[in-house]
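First up is the structure itself, then whatever we jot down about it.
Chain identifiers are assigned alphabetically (A, B, ...) following the order of the sequence lines, protein sequences preceding nucleic acid strands; residue numbering begins at 1 within each chain. All values below were derived from every heavy atom in this structure, side-chain atoms included, with hydrogens, water molecules and symmetry-related copies excluded.
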Amino acid sequence: MDISFALKKHLYKALSSVKQEYLKKSYKIDFVVEKPQIKEHGDYSSNIALQVSRGLNKNPEEIAKIIIKNLELPDFIKNVSFKKPGFINFFLSDQWLQENLKSILNKENNYSKKENFNKKIQVEFVSVNPTGNLHIGHARGAVIGSTLSNLLETQGFQVNREYYINDAGNQIDLFTESLYVRYMNLFNNNLPIPENGYEGKELEEIAEQIKSENYEKFTKISKKEALIHLKKIGIKQILNNIKNDLIELGVEYNSWFSEKSLIKSGEFKETINILKKKNLVFEKDGATWLDSKKLGDDKNNVLIKSDGGAPTYFATDIAYHKNKFLTRNFDTVIDIWGADHHGHIKRLSDALKALGIEKNRFVVILNQIVSLKTKSSMTKFSKRKGTSIPLKELIEEVGKDACRYNFLSKSPESQIEFDLDISKKKSNENPVFYVQYAHARMNSIIEKSKNFNFSKSTSNLKLLTHDSEIEIMKKLSEFPEILRFSSEKLEVHRLPQYTLELSQLLQKFYEECRVLPEKQEDYETSKSRLDLIKASKLILSETLSIMGMESPNKM
RNA sequence: GCGCUUGUAGCUCAACGGAUAGAGCGCAGCCCUGCGAAGGCUGAGGUUGUGGGUUCGAUUCCCGCCAAGCGCGCCA
């Protein structure tokens, strides 16, 4: 059960009585139910009275009393109180918390899986050009995207995880040119890498591989023909590398969507035609333009280039998103982009609006660029120049879970300075190990408990009255709202925070309360405590699994 | 120059307009003949970049300034 959601509903109901006395219908009420920072302020509290009294010329205390009087007390609340300047504070019932443990253990709560309400949502992330291997900077979007997808699934959405492959356009041509040079230079040529070409080491490796499979075959044909072959082989190999690196990071997709397929299928042309019919397209200087100014932009954008009629990235992206919304019918599309693409958001969403797609169906999460900190300076990652730490290396050195936890615990808009030396050195002190250690510790107790002869009768959860036991039960009861809240706000960084908080409580409990029995009269307490840590282990590992991380039983 | 994002403890980051701004790391001290010390407890450490404004209440919203990152291509 989602406690704060339920409380909010109760408060709304009680509010109607206040309404009859004081409120005009038009008055908008915006209040929250939240967890206070100070224990004395209860387990939950609401500012409803303060919000209602605003502009009403009534004392918040008076409002609060009316609300409290008319409040139907739910079974999970043992006490409600008023506190100046106008807060209503709620205290959870211990008995309810104990009952709640049972439902966690019986999984009768559908603790995370809600019933399907048939909403299709797509999360598109990473979508890096297949022109080089992934590096640290890409890990951030990958981790956020995959976790967000898992999270949305717990809320009953049908989630599609997609990678958009930019396999058309001139970055690909540059890549192919660069690969061609690498290949040719293996045969005693000394060609320079083209200007703005790709200098990454992986191109050398691919060139070597092509050589070992095809020998000098592609040196014997025209450059034009060779490029066609190399492009195909190169893209395939790079995509393969990308896929494998992502799997190592715990990221898997439901679909891989090719940019080229939009051209082939005619959907690109169709999209342009729709825009033409809306009188939003014009020709100038040999190029085809979108009249973005009409849509509210301050400048127009090219759709089809003057040199040879190739579409721009912008143009195919409109077609791609038209495909998402109008062909595949996703209710909502979430794109996770690096912050360097933010200039693209407005013009794309304007174009989508012109296609009749409501604005709120298209959401972009921008994650700020990750920069690399070294002893002397900050280096920007560049795939083109090959100046970055490959994702593969990062995972090998730091580990998948530490890497995921690290990126997940920071909100996307924070600018991360990645210090590889510290990440490597301090890997043992990373909070991820603290959390996993708590899990392993609880498991170890559960394993050991199998050596004891506990009676088969159900445990008496009323015995769980110690402070640290109550605190754990409260934290567990928070889980559904953590999921709902993170999912509504699309904020995955609340999940690692939750695992840390729960782990802290478990470690404290471990110090203060012994679980396994030492003498006969301990057995009943032991049984109830075992249930407590079993439920905790379940929730902890559930959260870790949403975060794409392991829940080790041993470390 | 214009636009977007950010500025919180020594470091990395939290805080749905709420009450005494919190964690991890690092630092100082204490705690294992008892379920895993990868742990627990205690402590030091903050004018939330800065100056105004709105509000019963501002780290949060608005405006100015300072600083950082990104963007302003017929690149993607």
inquiry  = Regarding A:Ser444, tell me which of base, sugar-phosphate or nothing describes its non-hydrogen contacts under 4.0 Å with the strands shown.
reply    = base
remark   = Considering only heavy side-chain atoms of A:Glu518, the closest of B:C13, B:G34, B:U5 is B:G34
query = Separation of A:Phe314 atom CZ from B:G71 atom P, in whole Å?
reply = 18 Å
request  = May I ask you to decide if the ring planes of A:Trp289 and A:Phe282 are parallel, tilted or perpendicular, using 30° and 60° as cut-offs?
outcome  = parallel
ask   = Should A:Gln504 be listed as having a side-chain N or O under 4.0 Å from OP1 or OP2 of B:G24?
value = yes
inquiry  = For a quick check of understanding: with a heavy-atom distance under 4.0 Å over all strands, which category does A:Asn300 fall into, base, sugar-phosphate or nothing?
reply    = nothing
query = For A:Lys294, does the NZ atom have more than 12 heavy-atom neighbours from other residues, nucleotides or ligands under 6.0 Å away?
reply = yes
query = Under 4.0 Å between a side-chain N/O of A:Lys410 and OP1 or OP2 of B:U6, yes or no?
reply = no
For B:A19, the Watson-Crick or wobble counterpart (both distances under 3.5 Å) = none
query = Can you check whether A:Asn323 reaches A:Phe268 side chain to side chain, under 4.5 Å on heavy atoms?
reply = no
key: Paired nucleotide for B:C74 [Watson-Crick or G-U wobble; both distances under 3.5 Å]   = none
query = Picking from A:Asp297, A:Asp298, A:Asn301, what satisfies side chain to side chain donor-acceptor pair (under 3.5 Å) with A:Ser292?
reply = A:Asn301
request  = Just say parallel, tilted or perpendicular for the rings of A:His344 and A:Tyr313, cut-offs at 30° and 60°.
outcome  = tilted
key: Note: A:Lys475-A:Glu478 ion pair, threshold 4.0 Å (strictly below)   = yes
task = Could you check which of B:G40, B:A76, B:C74 has an atom nearest any side-chain atom of A:Ala287?
result = B:C74
query = A:Ser45 and A:Lys35: side-chain donor and acceptor closer than 3.5 Å?
reply = no
query = So, A:Asp401 versus A:Gln436: side-chain donor-acceptor pair below 3.5 Å or not?
reply = yes
message = Counting primed atoms plus P, OP1 and OP2 as sugar-phosphate and everything else as base, spell out the protein contacts along nucleotides 16-22 of chain B at 4.0 Å heavy-atom distance: B, S or - for each nucleotide, 5' to 3'.
response = B-BBBSS
B:C2 versus B:G43 - spacing of their P atoms, nearest Å = 50 Å
key: Closest to the A:Leu516 side chain, choosing from B:C72, B:G36, B:C35   = B:C35
Separation of B:A14 P from A:Tyr405 OH (nearest whole Å) = 13 Å
ask   = Base, sugar-phosphate alone, or nothing: which one does A:His344 contact when heavy atoms must sit under 4.0 Å apart?
value = nothing
Span that lies between the P atom of B:U60 and that of B:U6, in whole angstrom = 12 Å
query = Does a salt bridge link A:Lys324 with A:Glu124, judged by any charged N lying under 4.0 Å from a carboxylate O?
reply = yes
message = Need to verify one output field. Residue with the more 5' nearest nucleotide on RNA chain B, A:Gly286 or A:Gly343?
response = A:Gly343
B:U59 versus B:G49 - spacing of their C1' atoms, nearest Å = 12 Å
task = Among B:G40, B:A76, B:G34, find the nucleotide with the atom closest to the side chain of A:Gln507.
result = B:G40
remark   = A:Arg441 atom CZ is separated from B:G36 atom C1', nearest whole Å, by 6 Å
inquiry  = Any base atoms under 4.0 Å from A:Arg529, or only sugar-phosphate, or nothing? Heavy atoms, all strands.
reply    = nothing
query = A:Tyr198 vs A:Phe175 aromatic rings, parallel, tilted or perpendicular, using cut-offs 30° and 60°?
reply = perpendicular
inquiry  = If you assign each of A:Glu259 and A:Arg514 to its closest nucleotide in RNA chain B, which residue comes earlier from the 5' end?
reply    = A:Arg514
key: Between B:G40 (C1') and A:Ile472 (CD1): distance, integer Å   = 14 Å
query = What distance, rounded to whole Å, do you find between the two C1' atoms, one in B:C27 and one in B:U20?
reply = 25 Å
query = Between B:G7 and B:A21, how far is it from one C1' atom to the other, in whole Å?
reply = 16 Å
request  = Assign B:C32 to syn or anti; the rule is syn for a glycosidic angle within 90° of 0 and anti otherwise.
outcome  = syn
ask   = With a cut-off of under 6.0 Å to the ring centre and 45° to the axis, is A:Arg347 in cation-pi contact with A:Phe314?
value = yes
inquiry  = So for A:His342 and B:G3, does any side-chain atom that can act as donor or acceptor lie under 3.5 Å from a complementary atom in the base?
reply    = yes
request  = Check the distance between B:G3's C1' and A:Asp340's CG and give it to me in whole angstrom.
outcome  = 15 Å
key: Distance, P atom - from B:C25 to B:C41, rounded to whole angstrom   = 12 Å
request  = Among the candidates B:G39, B:A23, B:A38, find the nucleotide nearest to the side-chain atoms of A:Glu511.
outcome  = B:G39
query = Can you tell me how far P of B:A38 sits from CG of A:Asn443, to the nearest Å?
reply = 17 Å
query = Does B:G24 have a Watson-Crick or wobble partner in any strand here, with both distances under 3.5 angstrom, and which is it?
reply = B:C11
key: d(CG, A:Asn170; P, B:G73) in whole Å   = 16 Å
inquiry  = My understanding is that a pair needs two contacts under 3.5 Å, Watson-Crick or G-U wobble. By that rule, which nucleotide pairs with B:C41?
reply    = B:G29
remark   = Among B:G36, B:C35, B:U5, the one nearest any side-chain atom of A:Ala440 is B:G36
key: For atom CZ of A:Phe452 and atom C1' of B:C35, their distance in whole Å   = 8 Å
message = Between the base of B:C74 and the side chain of A:Ser306, is there a donor and acceptor pair under 3.5 angstrom?
response = yes
inquiry  = When both hydrogen-bonding distances must be under 3.5 Å and the geometry is Watson-Crick or G-U wobble, what is B:C65 paired with, if anything?
reply    = B:G49
query = NA contact type, A:Asp285, heavy-atom cut-off 4.0 Å: base, sugar-phosphate, or nothing?
reply = base
key: Distance, P atom - from B:C66 to B:G17, rounded to whole angstrom   = 28 Å
message = Whether A:Ser411 contacts B:A14 is assessed here as follows: a side-chain N or O lying under 4.0 Å from the phosphate OP1 or OP2. Is that the case?
response = yes
task = Considering just the side-chain nitrogens and oxygens of A:Tyr434, establish if one lies under 4.0 Å of OP1 or OP2 belonging to B:G40.
result = yes
message = What contact category does A:Gln415 fall into here, base, sugar-phosphate, or nothing, at under 4.0 angstrom with non-hydrogen atoms?
response = base
task = For B:C61 versus B:G26, give the span between their P atoms, rounded off to a whole number of Å.
result = 33 Å
